[in-house]
Amino acid sequence: MSSKHYSLFSLLRETLRGNTGWKPAWRKASPQSSYDVVIVGGGGHGLATAYYLAKRYGMRRIAVVEKGWIGGGNVGRNTTIVRSNYLLPGNVPFYECAMKLWEGLEQDINYNAMVSQRGILNLFHNDAQRNAYIRRGNSMRLHGVDADILDAAAVREKLPFLNFDNARFPIQGGLLQQRGGTVRHDAVAWGYARAADQLGVDIIENCEVTGIRIENGRTTGVETSRGFIGAGKVGLACAGNSSRVAAMAGLRLPIESHVLQAFVSEGLKPFIDCVVTFGAGHFYVSQSDKGGLVFGGDIDGYNSYAQRGNLPVVEDVISGGMALMPRIGRVRLLRHWGGLMDMSMDGSPIIDKTPVEQLYLNAGWCYGGFKATPASGLCFAHLLARDEPHEVATAFRLDRFGRGAVIDEKGMGAQPNLH
Amino acid sequence: MNTPSKLSPPKRTRANGVDTSKALTFTFDGRAYTAYEGDTLASALLANNVRLTGRSFKYHRPRGILSAGPEEPNALMELRTGARREPNSRATVTEVFHGLSAASQNRWPSLAFDALGVNGLLSPVFTAGFYYKTFMWPACFWEKVYEPMIRNAAGLGRAAKEADPDHYEQANAFCDVLVVGSGPAGLAAALSAAETGARVILCEQDYLTGGRLRAENITLDNKPAWQWGEEVTARLRAMPNVRLMTRSCVFGRYDGGTFGVIERVADHLPQPEENQPRQRYWRIVAKQCVVATGAIERPVVFPNNDRPGVMLAGSVRTYINRYGVAPGRKAVIYTNNDDGLRTVTDLYQAGADIVAIVDARPVPSPLAQSLAQQTGAFLFPGGRISNTLGRLGVAAAVIGNKAGKDQRFACDLIAVSGGWNPDLALTTHHGTRPVYNEQIAAFVPSIKAHDLHIAGMVAGTLTTRDTLHEGAEAGRKAAAACGFDSAGTTELPSAGVDETYAIHPTWSGIDQTAPQKAGKAFIDFQNDVTAKDVKQAAQEGFRSVEHLKRYTTLGMATDQGKTSNVNALAMLAEFTDRTIPETGTTLIRPPAQPVTLGAIAGPNREKHFKPTRLPPTHQWATEQNAVFTSNGLWQRAQWYPRAGETHWLETVNREVNTVRNAVGFCDVTTLGKIDIQGPDAASFLEKLYVNAWQKLAVGRARYGLMLREDGFAFDDGTTARLSPTHYVMTTTTANAGPAMQHLEFCHQVLWPELDVQFISVTDEWAQIAVAGPNSREVIRQLIDPAFDISNEAFGYMAAAEITICGGQQARLFRLSFSGELAYELAVPARFGDALARRLMEVGAPYGIAPYGTEALGVMRIEKGHPAGPELNGQTTAHDLGMGRMLSSKKEFIGKAMAARPALTDPRRPTLVGLRPVVATDALVAGSHLLPKGSPASAEYDQGWISSSAWSPTCNSWIALGFLSEGPSRHGEIIAVHNPLSGTVTEAEIVSPVFVDPEGKRLHA
Amino acid sequence: MRITCPHCGSRGLEEFTYRGDATVRRPAPDAPHDAWVDYVYLRDNPAGLHKELWYHGNGCRSWIVAERNTITHEIHSTRLATEALSEEKSGS
């Protein structure tokens, strides 16, 4: 008997027989001639979409096509933070839906993605920032989301090693969402893939979409490096590559692709318990269960498909870290890398139909896609199955730019690199 | 095992990199040892017979020194103590200085006895991906039980607890040719490039140049090879066009020929010398780069291959030849190539017994045979090491012969060579994957870039002679690409012997017919990833190298897989029946070696994290005991406390009352000021602002609102017309920079045909607001008599260029943010301080007092003027109550998009004033506005408070906020919800202008 | 990254501010709504050569049109925006 379901029993049994009975987490599927739904993009969002389509919407003939290996995009490149501390009514219920799904994820998919609700603390350093965070925290509370305002003394008690006494921009306090935290990012992709696979979803790796076949204004399938795959519906979940794939259907999107760098230090004995964001610079940090400081900051700020960035942002981020935590001076940077952000024009995502029939779009996640993964999957599955938006994603429409109903959390306007 | 041997430490013979006349003392785990100048911590520990240096991450296995370079996965230490404590430092690249204290890490209670060594017993459970399959029951246990347990065991060294006391510098350098690495290829490259006259920078991460020339017992021109290296180094140092940087690691290749470099200025000293940084971070911009970074030897994977005493063969030779230390007395050599066999001779000459030579190659090697004869060693052609024994270090090797029969040999050193991997990190930083070269069984760079040349071992060239020629050629080509042609060719030395490599790719000594039999065979030493883990990952479908890495954590430790990645993917290929090229390899990300965060941040930390801008009256305000606040980069006086005032609010109330009843002044220099001139200046303003400008008379100012092109409010301020073609615009403090950029965009990109010029004069003019009923009298004391500032001659919104104090140039604007009769007086910045002092003097009879940003803020709320919290990028002109300002008669930025339905929806939250029903009920900015009596739920949310203050003028709390259909709801009582503090209060919706709504005061 | 400013020569990335696609053209004031939505919001966002606007804010304050490859970050050309646009208008 093979060990398909993960349990204490299967773990013990495999220990006793030298771990020889574990089965592949997902089958290496080959494309069939057609499916009811083809999801383009085997990242977190695409895999979650496939899972919820099968699990909650009872669809069966589903394929996820991925040009490389699954989880190779942003779900495997981010800084693992989950939170629902948003301000605007178009966003809060959606991210809170994601947070609730995170909270039950492991039992749902039988995979330990190490959802760790260690809290996320946004520091503020002046009165205007404090007021903006109070507005945001109150918005969260009114939406039934947990939020607390801490004063400087409370922050100090929680994180005594921050720079309180010699700072250019002294810490005044912070907005805490205790239910926020981190999730082991790769495991999200693998866990959804495994769970979707067990429900019959074909996960087809090394299968690059090269065209979208449209007949009489209607999508009939995708051309791929492994041949044509017919589809009743095609859902795009391509993150940083959204514009490239949408262009195959003749669409221009309100999106620019930008590079966001992420950083990890050498492993250290844990001393940072929660996620902390610096309010006077571009820096946020958490410490992984292996002991590495996982941190990041702002996007580099220019269009890029290169998955790597440049030194000015490296310096900017690390000086933010030193300003906030001068004890890390002798800690070493181990690795830094970049991911492609599908930066939308208002900083908020799009989950909607497109002008091409049977072609659906899930894009514009900016640098916030990871935390959204379960809700993005659920809402995209809902849209694909029902042809109408899920109730927590009604604001994420493509026509909102024309109407002016933008969801601009930062108030930066149509300038993607400023969101 | 950490007890020094009873024998005295071996004599240092032949040490080409150590000065045995200079002894130093250092401590390891509290015990003192002797080293010599030139020693690394690793060489010194080996010389003192210390073999056990650390514990592994997961199983806490005893570990020793594996390598002699930056690739070291095992010998990681905490160096120094207190605020300078430095975790995870590799003993193999740490220079010993007198008094250095080093400590092992990740062990408790001691290195020799580590309680968490029990993890090894659980290893059948702790296999690849173990975490993902368990710890899920019950759900709430993850944060409370399992994860704290895991975190308790996590990490290696400890970060310092105090702020880093050292200083770091940032520097820039530019050159024609950057050469990375000073082994034979790098030295030859630097020399040949420098001889053309090109500006050359040679970076060497080590503290000595020479690379493998120091590690091998070879000759060049019949002299020890390292001597040639020293001669070339001396020549390079003497050349004016060469900068030779040792202790300088090129950690990354970035765009446009930019390289990141860390120079370890004082890591080898107890403390940096006076006025010297600890490290220096360089951005080197090079037109051409020669990568001559050499190669890293890889171990062979065999059961219990991690015991202290198992060492890379090339590193054994480094310790012998460079440091004069033989890492063992009874050695077994395990190799699959001729290079590894050099170790036999070097060890033998250093006085060690060669117990056995295990030559993994299937075809018997005559060289091995003759070496075995010479040294009296057993030879095992086609053999393998099938196990090792020993508690805290190798005591014996179990060697299997070609037929599979095992035999046990006592030994204290196993020198292994699985072949050499080019150290090609810098060639992959731009995303170019290396390719597999069958001949040398390794990945070599595939990058083709016009500005990158690859030479020596990193290119897969493994003999000294070829390496030298390749280096010289690369240097010449790089210089030529910069326009430097060499007439002659660089003279290269002749190599003494013909070196051979003859590798046969054997990756493991595991008996695949009975893999369970022996112990763990490690691939990634630091993260404890074994061959079995790789096999299991493959079985579970993690067959992509990227999946393998992420699933097993292979190559993710501090060494980033320098010794493990290629072995791992070779074994993955084996387990999945693919070739190595089919299996592929991962990309190496920067930094090439771990770099110090403090160095990258440089001086930008603590108080110097960002520059500080000081307005012209700062010094004066300091003398007045002002309390300062940051406003972006500016430091501004927040209030001016007086003796006897016990609370800041008391001070602010007094300042407000002073302005409302007498006169006050406030430095407003920080507002952006843009001087705009030209025949089309008025047309330009028409396009920038929503309201009309053509008809603004000379000598008048006007309030203007700018939108972004998406129709939302961008910035506001007043602009004055000083002559028909000359305007002075003010912007908000926060938007001074962005507004300037916006104007430049509009002019250069949208309307280049407009004949207009402009420049930011924010720093050129000091500007002080003088406000209050007595302000005119105070201004009269300063202004030269020729100028009439009576209300009739110089009414509200007048503007003029004037002189004050007997001919000093100045500008006067009758503007009011406070709502009082008020002026803004601008003088050249250098007179700002004097102006403040003069105002205090001449204003004294009128009751003048300075006021800070807090009082400024209170008064602007009292007058209902929007500021930063209202102009937050999410509001429209309509939201701000300025919808009617939008001109229908002209074109302007944002006009088209402002007409979209969602921006003109009357239900949008719009600016209102709020006054609490109980005057002393604080209104908190950030509170939300809900209809009275409705539940505290988002569906009833109708708006929020953006700004609030205690108004001493109204004797009540007041606030500005945005409320759906607000202007039609004046008089309604609304509930103010602040769930964060658990309060709900009631407030009346009122006009946002609380004080003097008719504007009598400002027109007075 | 280094950008060659036509006035100042080769300068580091940190001196510049990015704006984005340089090929979009502001519509006439009376252009249809869709033209405005296109201008403000829709982008080709190509993988490969991209004409884009940079502002040399920490230098000469010029707006520059750079042709840059978004896959390799290599910059193929830089011109002053004023010159590039006036040529476009004159049709050359």
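Proteins get letters first, then strands, A, B, ... in listed order; numbering begins at 1 in each. Because the structure is predicted, anything quoted here is derived from the model rather than measured.
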Output the option from [options] having the highest count of non-hydrogen pairs under 4.5 Å with chain A.
{"options": "B:R84, B:R589, B:R85, B:R605", "result": "B:R589"}
{"options": "B:Q635, B:Q560, B:K610", "result": "B:Q560"}
{"options": "B:G602, B:A936, B:G252", "result": "B:A936"}

B:Y254 and A:H336: ring-ring contact (aromatic ring centres under 6.0 Å, His included), yes or no, with the steps?
CA-CA 12 Å; B:Y254 299 88; A:H336 72 102; 5.7 Å; yes
Mind running ring-ring contact (aromatic ring centres under 6.0 Å, His included) on B:F542 and A:W190 for me, showing each step along the way?
CA-CA 10 Å; B:F542 294 88; A:W190 305 334; 4.9 Å; yes
Side chain, backbone, both or neither: which part of [X] has an atom under 4.5 Å from a heavy atom of chain A?
{"X": "B:P611", "answer": "backbone"}
{"X": "B:R708", "answer": "side chain"}
{"X": "B:L930", "answer": "side chain"}
{"X": "B:D710", "answer": "side chain"}
{"X": "B:P869", "answer": "neither"}
{"X": "B:S89", "answer": "both"}
{"X": "B:T134", "answer": "both"}
{"X": "B:Y940", "answer": "neither"}
{"X": "B:S544", "answer": "side chain"}
{"X": "B:D267", "answer": "side chain"}
{"X": "B:Y281", "answer": "side chain"}

Pick from [options]: which one has the most heavy-atom pairs with chain B under 4.5 Å?
{"options": "A:G281, A:A323, A:G292", "value": "A:A323"}
{"options": "A:Q287, A:R27, A:M345, A:M325", "value": "A:Q287"}
{"options": "A:V92, A:V314, A:V115, A:L16", "value": "A:V115"}
{"options": "A:N19, A:T15, A:D408", "value": "A:N19"}

Salt bridge or not for [X] and [Y], using N-O below 4.0 Å?
{"X": "B:E606", "Y": "A:R168", "result": "no"}
{"X": "A:D186", "Y": "A:R184", "result": "yes"}
{"X": "B:E86", "Y": "B:R278", "result": "yes"}

Side chain to side chain contact (heavy atoms under 4.5 Å, CB included) between B:F712 and B:L707, worked out
CA-CA 5 Å; B:F712 289 85; B:L707 305 184; over 6 Å; no
Between A:K28 and A:E205, does a side chain to side chain contact (heavy atoms under 4.5 Å, CB included) hold up when you go through it step by step?
CA-CA 7 Å; A:K28 304 287 168 201; A:E205 293 174 89; 3.2 Å; yes
One pair to check against salt bridge (charged side-chain N to carboxylate O under 4.0 Å, His left out): B:D255 and A:R308. What are the steps and the verdict?
CA-CA 10 Å; B:D255 288 313; A:R308 62 190 176 79; 3.0 Å; yes
Side chains of A:S319 and B:F609: does their closest heavy-atom pair fall under 4.5 Å?
yes
Do A:D127 and A:R130 pass the salt bridge (charged side-chain N to carboxylate O under 4.0 Å, His left out) test, and can you show the C-alpha distance, the side-chain angles, and the key distance before you say yes or no?
CA-CA 5 Å; A:D127 292 356; A:R130 178 199 60 208; 3.6 Å; yes
Can a donor-acceptor pair be found, under 3.5 Å and without considering hydrogens, that links the side chain of B:K133 to the backbone of A:L8?
no
Non-hydrogen atoms of chain B under 4.5 Å away: do they reach the side chain of A:Q107, the backbone, both or neither?
side chain
